[in-house]
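Step one of this worksheet: look at the structure below.
The basis for the numbers below is simple: all heavy atoms, side chains too, and nothing from hydrogens, waters or symmetry mates.
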Amino acid sequence: MYERPLIGTIIKPSIGMDPETTAAQVRVLAEAGIDFIKDDELQTDGAHCSFTARVSAVMRVLREFAERTGKNVMYAPNLTGEIDEMLRRHDHVVAEGGLCVMVSMNSIGLPAMKVLRAHAQVPIHGHRNGWGMLGRSPALGMSFVAFSKLWRLAGIDHTHVNGLRNKFCESDESVIASARSCLTPMFSAPLPGCEVMPVFSSGQSARQAPDTYKALGCTDLIYACGGGIMGHPGGPAAGVRSLQQAWQAAVEGVPLAEFASRHQELAQALELFGA
């Protein structure tokens with residue numbers, strides 16, 4: 001559909017936002033041109049922002065936006081919990097017109113994921129929080145390539161692979177190896193390949209787009225930016241446009257600085273986010 005990734009971001013109700021405040025931020029992001037929004041992995045069903053109330057408030061905003069513009073923004077609410085809780089939460093998302101759900105993979109385990117996959121009517125966004133403790137030790141850990149294959153078999157549709165020049169300890173080489181693996185079929189046709197969408201995140205902005213495209217060789221990914229959107233000096237809409245422009249430049253093989261000379265939003269992003 002696009003010759004660019006899906007541009008996404010994360011909302012943070014875990015910092016104290018109630019359902020209506022969360023929905024108001026989602027409205028700003030939808031109007032800014034975002035494609036994908038996910039919950040923070042720290043927030044599922046807190047007392048100040050319950051799952052049911054948050055999903056209903058957010059989906060009311062996104063339904064109104066879709067009816068007015070024709071664009072459906074994918075929202076992945078975090079339904080992590082006990083199996084019966086997750087199935088009920090999934091059904092609430094679907095009843096509200098939701099297009100995706102999110103789950104913290106290490107928090108629920110492979111058997112629970114299999115149950116959710118068998119029940120789910122929408123894509124499952126698999127968050128890998130907790131993987132660091134499994135992958136950091138060369139003596140005891142495992143590669144994310146191996147780890148992610150287990151979850152692909154269990155039925156996830158998206159998973160995080162970190163990002164280039166990220167704020168964590170993972171190398172760029174490891175990030176790209178993980179992303180390439182997600183897009184590589186596990187089995188030959190006619191069997192399902194179990195490919196999943198890699199999600200790039202962690203300190204991403206317009207700066208990393210060309211190197212990400214060059215290393216991965218395609219735009220089959222979700223490019224999730226927090227500060228890269230909300231921190232843009234022109235506001236969230238300019239932040240989204242700067243990312244779209246950066247990816248257009250990457251696909252067309254135009255240097256960012258040259259493309260930025262004709263696109264103010266990208267120029268502002270490059271100046272703000274540095275080298």
Side-chain angles (χ1 to χ4, degrees), residues 1-2 4-81 85-103 116 119-125 127 157-158 197 199 201 221-245 247 265:
M1 180 180 179
Y2 301 122
R4 62 167 177 78
L6 295 177
I7 303 301
T9 197
I10 303 94
I11 53 174
K12 302 281 186 178
S14 58
I15 66 172
M17 296 162 59
D18 63 20
E20 293 305 322
T21 305
T22 304
Q25 186 176 72
V26 167
R27 185 185 301 278
V28 169
L29 290 165
E31 297 288 351
I34 204 80
D35 303 309
F36 175 83
I37 301 169
K38 63 170 283 291
D39 270 355
D40 184 14
E41 66 273 17
L42 302 178
Q43 172 73 32
T44 298
D45 197 30
H48 66 279
C49 194
S50 73
F51 181 87
T52 299
R54 181 172 74 255
V55 169
S56 293
V58 168
M59 287 310 306
R60 182 170 59 251
V61 166
L62 293 182
R63 286 196 307 270
E64 293 171 354
F65 180 76
E67 290 169 1
R68 178 165 51 83
T69 67
K71 178 178 178 177
N72 286 301
V73 176
M74 179 177 277
Y75 167 52
N78 182 9
L79 52 69
T80 302
E85 286 179 320
M86 291 195 297
L87 300 186
R88 288 195 300 270
R89 289 168 182 167
H90 164 276
D91 292 349
H92 179 66
V93 173
V94 172
E96 290 283 3
L99 303 174
C100 190
V101 295
M102 170 185 150
V103 67
L116 178 61
H119 181 81
Q121 300 175 42
V122 294
I124 298 174
H125 182 91
H127 200 290
D157 297 287
H158 315 153
M197 180 80 84
V199 183
S201 60
L221 62 119
I222 296 173
Y223 198 64
C225 305
I229 293 173
M230 300 304 291
H232 193 285
V240 171
R241 285 195 295 273
S242 76
L243 297 169
Q244 294 169 344
Q245 291 162 2
W247 277 94
E265 296 88 355

>> Counting C-beta onward and ignoring hydrogens, is there a side-chain heavy-atom pair between Ile11 and Leu29 closer than 4.5 Å?
In response: yes
>> Apply side-chain contact (heavy atoms from CB on, under 4.5 Å) to residues Ile229 and Ile7 and explain how you reach the verdict.
In response: CA-CA 10 Å; Ile229 293 173; Ile7 303 301; 4.2 Å; yes
>> As an exercise, state the distance from CE of Met197 to CD1 of Ile222, rounded to the nearest 0.5 Å.
In response: 5.5 Å
>> Just so I know, are the side chains of Asn78 and His127 near enough to count as touching, which here means a heavy-atom distance under 4.5 Å?
In response: no
> Below 4.5 Å, heavy atoms only, C-beta onward: do Phe65 and Arg27 meet side chain to side chain?
Replying inline: no
> For the residue pair His125 and Cys100, what are the closest heavy atoms and their distance?
Replying inline: CB-SG, 4.0 Å
>> Just so I know, are the side chains of Met102 and His158 near enough to count as touching, which here means a heavy-atom distance under 4.5 Å?
In response: no
> Looking only at heavy atoms, which two atoms of Pro19 and Cys49 are closest? And how far apart?
Replying inline: N-SG, 3.8 Å
>> Restricting to non-hydrogen atoms, name the atom on Ala57 and the atom on Ala23 that form the minimum distance, rounded to 0.1 Å.
In response: O-CB, 3.5 Å
> Pick from Glu96, His92, Glu64: which one makes a side chain to side chain contact (heavy atoms under 4.5 Å, CB included) with Met59?
Replying inline: Glu96
>> Quick check: do Asp45 and Ser50 have side-chain heavy atoms less than 4.5 Å from each other?
In response: yes
> Does the side chain of Leu99 come within less than 4.5 Å of Leu62's, by heavy atoms?
Replying inline: no
> Listed by chain and number, what are the ring-ring contact (aromatic ring centres under 6.0 Å, His included) partners of His90, not counting sequence neighbours?
Replying inline: His119
> So among Ile34, Asp39, Asp35, which one has a side chain to side chain contact (heavy atoms under 4.5 Å, CB included) with Ile37?
Replying inline: Ile34
> Can you find a heavy atom in the side chain of Arg54 that is under 4.5 Å from one in the side chain of Gln43?
Replying inline: yes
>> Nearest 0.5 Å, please: how far is CG in Leu221 from CZ in Arg4?
In response: 11.0 Å
> When rounded to the nearest 0.5 angstrom, what is the spacing between CG in Leu79 and CD in Glu85?
Replying inline: 10.0 Å
> Who pairs with Phe51 by ring-ring contact (aromatic ring centres under 6.0 Å, His included), at least two apart in sequence or on another chain?
Replying inline: none
> Just by modelled atom types, is the Glu265 backbone N or O under 3.5 Å from a matching donor or acceptor in the His232 side chain?
Replying inline: yes
>> Please determine whether side-chain contact (heavy atoms from CB on, under 4.5 Å) holds for the pair Thr9 and Val240, giving the CA-CA distance in whole Å, both sets of side-chain angles, and the decisive distance to 0.1 Å.
In response: CA-CA 10 Å; Thr9 197; Val240 171; over 6 Å; no
> Are the side chains of Lys38 and Ile10 in touch, meaning some heavy atoms are under 4.5 Å apart?
Replying inline: yes
>> On a heavy-atom basis, which atom in Gly81 and which in Met86 lie closest, and how many Å separate them?
In response: N-CG, 3.5 Å
> Is there a donor-acceptor pair closer than 3.5 Å between any side-chain N or O of Lys71 and the backbone N or O of Ala30?
Replying inline: no
